[in-house]
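The structure under discussion appears below in the form of structure tokens.
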Amino acid sequence: MKERAVHYVCSQCGRVETKWLGRCPDCGSWNTFEEEAVRKPSDGKRAVISTATKPVSLEEVEIDPLFRYETGISELDRVLGGGVMRGSSILLGGEPGIGKSTLMLQVLEKCSSGRKVLYISGEESPSQVKLRAQRLELNLSSISIFCDTRVEVVVSLLSEEKPDVVVVDSLQTLTSDEIPSPAGSVNQIRSCSTTLVGLCKQLGISLFLIGHVTKEGVLAGPKVIEHLVDTVIYFEQISSGIRLIRAAKNRFGSVDEIGIFSMHEKGLSPVANPSSFFITDRLTKDIPPGISYTPVIEGSRTFLVEIQALTTSAKNGYTRIYSDRIDTARVTRVAAILERHAGLRLSDQDIYVNVAGGMKLSEVSIELPLALALWSALTNKSIPKALISYGELSLAGEVRGVGFPEKREKAAKELGFKRSIVPRIASRSPLVQHACSTIKEALDLMNSMK
């Protein structure tokens, strides 16, 4: 009996080896090589992206005014850069049960007005999909469904039907007869994705691919898939009933925009006032120690967020820092700056940091409010009411300026804040500003305010 020919493929970068390796020489990942059967020789037939027979000047290329269209879901359109591009491919990832299929059904129903839409399901039967659509109270007659996982059958259907919008749920269920490997393997995912993306570009079909994520929270499959598609967006759950969409890659827009949805029995709906979503009603109440407020910029939006800090005496002389919404290294650096330049003793304290609402913060402007929250928690002194702060901290204890100060203070004013501690005075500010050049000056201002 002839032995089956196999090789080993890295699930992260796609490197092929004749034997199993513990560490990939290309991407450096550990234990990512998976056994794959050797692929049959291809007949060379592949979907092509362009139908032009010869090169043309960019000046001669005509752009359809309807090349981009809105999905009808404002928060998703914002993340996509204003809407969906014809012929584009979008990879949507997220944890199981977070609402990916629900969102895609809502997108198809919104896009069905004047367009032909198709839902390809490889994980659920037509009756299961119909039950979900009925629960969401969608127009069932506007959505076509097809259940098959063979990519050759899907390609034939798309070539014949030529829909405008297609959702494939999910990418990991697709298989190709050319590849003797199970569904979800590296070769299957790479080959099926390449085939579908190329065909949809050729036919002008907007393609949504739903992908699984690993336990580390990254999209399963080789990284080449993320390079292949035009847009990669992640669906995250930041608190009970609240979902957030963030773009990790977008060829047609910014990756800084985020979309916020609330989940209920009728599906996902955009949050009405996201600018005030992350703060609690404390403008008229006493603020407990360890709380500070700051405006952060995400794309074209400004959000007011609440940073929470808690310090407790370390046990057995071993200090720890707990922070999953702000990078732990940043918390450690800010604590060191406070200890060196403000005389606060934090080296014998356990530090806990959180962001209300569950939003992850990475902007440098949060360093000053984080320092104020740590000071407040350690000294048990509350931050004054209706006060915001923003600024970057240097290792020398300086408070440096950040971008868009007017935009930050305008958003704070609209939500009822009255004062701000800032690196330098900005012109035409709607708030009463208090400037500081060092962290020591900022803490002195805190002690002098009422």
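Nothing here was measured: the structure is a model prediction, and the numbers come from that model. Start at 1 with the first residue, then count along the sequence. As a basis for the values below, the full set of heavy atoms in this structure was taken, side chains included, without hydrogen atoms, waters or symmetry mates.
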**OP:** For the pair S206 (side chain) and V84 (backbone), establish whether a donor and an acceptor sit closer than 3.5 Å, ignoring hydrogens and angles.
**Re:** no

Subject >> Backbone N/O of S170 and side chain of T173: donor-acceptor pair under 3.5 Å >> reply: yes

**OP:** Ignoring hydrogens and angles, state whether a donor on the side chain of Y390 or E409 is under 3.5 Å from an acceptor on the partner side chain.
**Re:** yes

**OP:** Apply salt bridge (Lys or Arg N to Asp or Glu O under 4.0 Å) to K418 and list each qualifying residue two or more places apart in sequence or on a separate chain.
**Re:** none

Original post:
Got a donor-acceptor contact below 3.5 angstrom from the K100 side chain to the G211 backbone?
Top reply: no

Subject >> Backbone N/O of P182 and side chain of S185: donor-acceptor pair under 3.5 Å >> reply: yes

Subject >> E152: partners by side-chain hydrogen bond (donor to acceptor under 3.5 Å, both in side chains), with sequence neighbours left out >> reply: S176

Original post:
Looking only at heavy atoms, which two atoms of V364 and R330 are closest? And how far apart?
Top reply: CG1-NH2, 3.6 Å

Subject >> Atom CZ of R400 with >12 non-hydrogen neighbours under 6.0 angstrom >> reply: no

Subject >> Ion pair K116/D164, N-O distance below 4.0 Å >> reply: no

Subject >> Backbone N/O of L203 and side chain of R86: donor-acceptor pair under 3.5 Å >> reply: no

Subject >> Salt-bridge criterion met for K162 and E160 (N-O under 4.0 Å) >> reply: no

Original post:
Looking only at atom types and distance, does a side-chain atom of W20 sit under 3.5 Å from a main-chain N or O of Y8, one as donor and one as acceptor?
Top reply: no

Original post:
Judged by atom type as modelled, is there a donor-acceptor pair below 3.5 Å linking the side chain of D169 to the main-chain atoms of I210?
Top reply: no

Original post:
Does the side chain of E123 pick up a donor-acceptor pair with the side chain of H212 at under 3.5 Å?
Top reply: yes

Original post:
Does Y69 have R115 sitting over its ring (NZ/CZ under 6.0 Å from centre, angle to axis within 45°)?
Top reply: yes

Subject >> Aromatic ring pairing F261/F235, orientation class (parallel under 30°, perpendicular over 60°, tilted between) >> reply: perpendicular

**OP:** Apply salt bridge (Lys or Arg N to Asp or Glu O under 4.0 Å) to K130 and list each qualifying residue two or more places apart in sequence or on a separate chain.
**Re:** none

**OP:** Please answer whether the main-chain N or O of S300 pairs with a side-chain N or O of E257 as donor and acceptor at a distance below 3.5 Å.
**Re:** yes

**OP:** Starting from the C-alpha separation in whole Å, work towards a yes-or-no answer on salt bridge (charged side-chain N to carboxylate O under 4.0 Å, His left out) for K201 and D230.
**Re:** CA-CA 11 Å; K201 285 189 181 296; D230 298 309; 2.9 Å; yes

